[in-house]
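The chains referred to below are lettered A, B, ... by the order of the sequence lines, with proteins before strands, and numbering in each begins at 1. Nothing here was measured: the structure is a model prediction, and the numbers come from that model.
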Protein chains: 2
Amino acid sequence: MITIKEIADLCGVSRGTVDRVLNNRGNVKSEKKQLILKVAKEMNYSPNPAGKALAARKLKPTVAVIMPSLGIGFFDAVLEAMKKAEASYYLYGLQVEWHITQSYDVEVQCRQLAELNERVTAVILMPINHERIGIEIKRLTDAGVFVLTLNNDIENSTRACYVGTDYFNGGLTAGALLQMLNRHELNIGITLGSLQILGHAQRLAGFRQSIADNAQAKILAVTEDQDDEILSYEKNLAMLRQHPEINALFAASSGGIYGACRAVITCGREKDISVIAFDTLPTTIEMMERGLIQATIYQHPRRQGQIAMQIIFDYLVNGKEPEKELNLLTNEIRIKENISATADMI
Amino acid sequence: MITIKEIADLCGVSRGTVDRVLNNRGNVKSEKKQLILKVAKEMNYSPNPAGKALAARKLKPTVAVIMPSLGIGFFDAVLEAMKKAEASYYLYGLQVEWHITQSYDVEVQCRQLAELNERVTAVILMPINHERIGIEIKRLTDAGVFVLTLNNDIENSTRACYVGTDYFNGGLTAGALLQMLNRHELNIGITLGSLQILGHAQRLAGFRQSIADNAQAKILAVTEDQDDEILSYEKNLAMLRQHPEINALFAASSGGIYGACRAVITCGREKDISVIAFDTLPTTIEMMERGLIQATIYQHPRRQGQIAMQIIFDYLVNGKEPEKELNLLTNEIRIKENISATADMI
DNA sequence: TTGAAAGCGGTACCAT
DNA sequence: ATGGTACCGCTTTCAA
């Protein structure tokens, strides 16, 4: 555990000079610089995060959280974990600006990114997958802002890192599980939020791959429910009536699972349709207890929020670069026996 | 974000006095004490962890890790995560003393606990469930040492907290899953490490409960394999030969799963026996790819190690009491599609 | 180009 | 019983 002071002593210079070299602030004679760098490397210097954190207070490090997800159950859990992290990081002087909106609207998100307070040095963003958002991200990163995408990524952007799940794998896992649980002919109906949402499209692709080699399984219809329970209810009702031979439902939506289940019940098909869903909203758990949903894919919502905040904290307060660009959480399988809401609080 | 200095100014005393009050070091006149406590409460004072961490360096906070688990695959992952945490906490001056042994021996563990360096202020312990260990823990906690039990708990002890899984629920989940995946008559063989290990006994109890209401399912034999692959191979071979009607295997052992699978293969029963296992050792994954193991229960080994170290760090370095006494991780279900070793590194 | 010093929040020790 | 001060490691500012 070598410190800046020790390096300074070893090199016969002052702490200020060492600091200037290690943080590339210039104004140091080249030979001193080389010596300092050499010693620092040899001694395996790594700054003490506590010292950094204490000094960082004066800079009022600020992160903006931008999420177009107000009221969607899954994201409420993500947000809750982030708020909890905020409280503990508050003691270090980390400031959080919340921009939580309901609209999944490119225009709105562009404006949010464009109008950021200039004290903001980091952004946690659930991005809309659109070229214009990519341009705004580029502008921010060029200005030195640390941008982290959460839950959904955006293609070809300059963001520093991503925290979320592998959606393709989520679909693949759900599909494999559906077939393991139902070893008979499968006539599948699918409901998902929107194919415009990158993650949902990837889920569908993963699911398709999982049934590709199974001659007994086929997809009869795909419904887009816009993550809206009421719309989901209506559209799934229509789908089930149009395809009475459906005996399995892949509910890959973020906000339309309950509506889809209610549609199954309304049709009187509760006993002969198997449902695989995503996430563990209270209504989803209710439908699992009832036996309608066989299993659900858990995506660690709280952990997603927690990891995102921690990466920002480490970067802004402790001056630590993120270890990985892609922080992918595992898609877990939950049945009613291992839903365990309390354990997920960790 | 009020500080000690600000409280001191508000109360017209020095920082030292405030510090004495807030940390119960005595030697403060009662009226001043009351005033300081009142102001601290009103201003919602909470110490800055960075300041604490910086000051804690001088005390050389030291934790001892005692685990009788050398060479058991599952615990290697726990240890690996702890070593990684050690590296990052090292920068704060946290010292870790490792006591990793192979013997699951009460005598050895008692001696390890009795002979701890007196600079050790915290212990992470994978305890043997024996009265004598409880007595040693009591002695340590009385002396002010923070004791955390990891992966297995010990009954009626004075340890500060536990990090691990709910074994009963693990058995329950495994049992429910086995029945969901195999909707026919189930003649079940069970292999587990030892009924002397609290967790394994609890797993079995959970499993029994899961099949209690299923007239089609019954347990034909329970084998204790001592978490040893070779012994497991031999004993499972004997079990399978004695009970040729076994068509499902509950492999609840920590170190005998591969041996049990090999026994199934040797018997030529690979096609007609379904196996549910625990953890994701390389050999277990191999048997999943092969189709012999249908699913496995994942117990977050890395996360267990990580959380244990973090609780110790927060306590010793940041002076933060643990939030919860029981830190239970969820039993996750993994099939070959969502094994994803890389994601679990987070 | 460089050094010296103050300050971030908390703790510990010495002097009174 | 209380205040003052030095120190933990790092950053920043000011003076030279």
Side-chain angles (χ1 to χ4, degrees), chain A residues 1-36 40 43-61 89-95 121 314 316-320, chain B residues 1-36 40 43-61 89-95 121 314 316-320:
Chain A
M1 268 300 305
I2 186 154
T3 68
I4 279 193
K5 183 176 183 321
E6 291 169 312
I7 295 178
D9 291 345
L10 282 171
C11 296
V13 298
S14 75
R15 301 200 285 173
T17 304
V18 176
D19 179 65
R20 274 188 291 273
V21 171
L22 296 178
N23 293 290
N24 283 316
R25 298 191 223 284
N27 282 333
V28 179
K29 219 197 297 178
S30 175
E31 46 188 306
K32 285 197 180 180
K33 179 172 171 181
Q34 297 312 321
L35 175 65
I36 290 168
M43 308 296 287
N44 223 334
Y45 171 76
S46 195
N48 182 324
K52 281 222 181 234
L54 216 38
R57 281 179 60 85
K58 302 186 196 172
L59 303 178
K60 295 248 176 207
Y89 295 148
Y90 169 76
L91 299 171
Y92 290 87
L94 180 66
Q95 317 265 320
T121 42
D314 282 340
L316 289 188
V317 178
N318 288 337
K320 203 172 106 192
Chain B
M1 268 301 308
I2 187 153
T3 68
I4 278 194
K5 184 176 182 319
E6 291 170 312
I7 295 178
D9 292 345
L10 283 171
C11 297
V13 298
S14 75
R15 298 201 285 170
T17 304
V18 177
D19 180 62
R20 275 187 290 272
V21 172
L22 295 179
N23 293 289
N24 285 316
R25 299 192 222 282
N27 283 332
V28 178
K29 217 197 298 179
S30 174
E31 46 188 304
K32 285 196 178 178
K33 179 172 172 179
Q34 298 312 319
L35 175 64
I36 289 168
M43 307 296 286
N44 222 332
Y45 171 76
S46 194
N48 182 325
K52 282 223 180 232
L54 217 39
R57 279 180 61 85
K58 302 188 199 174
L59 303 179
K60 294 247 178 208
Y89 295 149
Y90 171 75
L91 299 171
Y92 290 86
L94 181 67
Q95 317 264 323
T121 40
D314 282 341
L316 289 187
V317 178
N318 289 337
K320 204 172 103 191

Select one nucleotide: of [options], the one nearest the side-chain heavy atoms of [X].
{"X": "B/Arg57", "options": "D/dG4, D/dC8, C/dA4", "answer": "D/dC8"}
{"X": "A/Arg15", "options": "C/dG9, C/dG3, D/dC10", "answer": "D/dC10"}
{"X": "B/Asn23", "options": "D/dG9, C/dT11, D/dA1", "answer": "C/dT11"}
{"X": "A/Asn48", "options": "C/dT1, D/dT11, D/dC10", "answer": "D/dC10"}
{"X": "B/Thr3", "options": "C/dG9, D/dT11, C/dT1", "answer": "C/dG9"}
{"X": "A/Lys29", "options": "C/dG10, C/dG3, C/dT1", "answer": "C/dT1"}
{"X": "A/Leu59", "options": "D/dC10, D/dT12, C/dG3", "answer": "D/dT12"}
{"X": "A/Arg25", "options": "D/dG9, D/dT12, C/dG10", "answer": "D/dT12"}

Discussion item. Can you confirm whether A/Val317 sits close enough to A/Tyr89 that some side-chain heavy atom of one is under 4.5 Å from a side-chain heavy atom of the other?
Written reply: no

Worksheet item: Within a strict 4.5 Å, meaning less than it, do heavy atoms of the A/Asn44 and A/Ile2 side chains meet?
Response: no

For a quick test of reading the model: is some side-chain N or O of [X] closer than 4.0 Å to OP1 or OP2 of [N]?
{"X": "B/Thr17", "N": "D/dT2", "answer": "no"}
{"X": "B/Lys5", "N": "C/dG10", "answer": "no"}
{"X": "B/Lys58", "N": "C/dT11", "answer": "no"}

Worksheet, complete the sentence: On DNA chain C, more 5' by nearest nucleotide between A/Arg20 and B/Gly16 is A/Arg20

Worksheet item: Rounded to the nearest 0.5 Å, how far does NZ of A/Lys33 lie from CG of A/Asn24?
Response: 5.5 Å

Which whole-number value in Å describes the distance from [X] [atom1] to [N] [atom2]?
{"X": "A/Ile4", "N": "D/dT12", "atom1": "CD1", "atom2": "P", "answer": "11 Å"}
{"X": "B/Met1", "N": "C/dG9", "atom1": "CE", "atom2": "P", "answer": "6 Å"}
{"X": "B/Leu54", "N": "D/dC10", "atom1": "CG", "atom2": "P", "answer": "9 Å"}
{"X": "B/Asn27", "N": "C/dA12", "atom1": "CG", "atom2": "P", "answer": "14 Å"}
{"X": "A/Ile7", "N": "D/dC10", "atom1": "CD1", "atom2": "C1'", "answer": "12 Å"}
{"X": "B/Leu316", "N": "C/dT11", "atom1": "CG", "atom2": "P", "answer": "14 Å"}
{"X": "B/Lys52", "N": "D/dC7", "atom1": "NZ", "atom2": "C1'", "answer": "16 Å"}
{"X": "B/Lys60", "N": "C/dA12", "atom1": "NZ", "atom2": "C1'", "answer": "17 Å"}

Worksheet, complete the sentence: Judged by nearest nucleotide, the residue sitting upstream toward the 5' end of DNA chain D, B/Val28 or A/Tyr45, is B/Val28

Discussion item. Please give me the minimum heavy-atom distance between A/Asn318 and A/Lys52, naming the atom from each residue.
Written reply: O-CD, 3.3 Å

Discussion item. Has A/Glu6 got a side-chain atom pairing as donor or acceptor with A/Thr3's backbone, closer than 3.5 angstrom?
Written reply: yes

Worksheet item: Where the side chain of A/Asn23 meets the backbone of A/Asp19, is there a donor-acceptor pair that is under 3.5 Å apart?
Response: yes

Applying a 4.0 Å non-hydrogen cut-off, can you work out what [X] is touching in the nucleic acid: base, sugar-phosphate, or nothing?
{"X": "A/Tyr92", "result": "nothing"}
{"X": "B/Lys32", "result": "sugar-phosphate"}
{"X": "A/Asp19", "result": "base"}

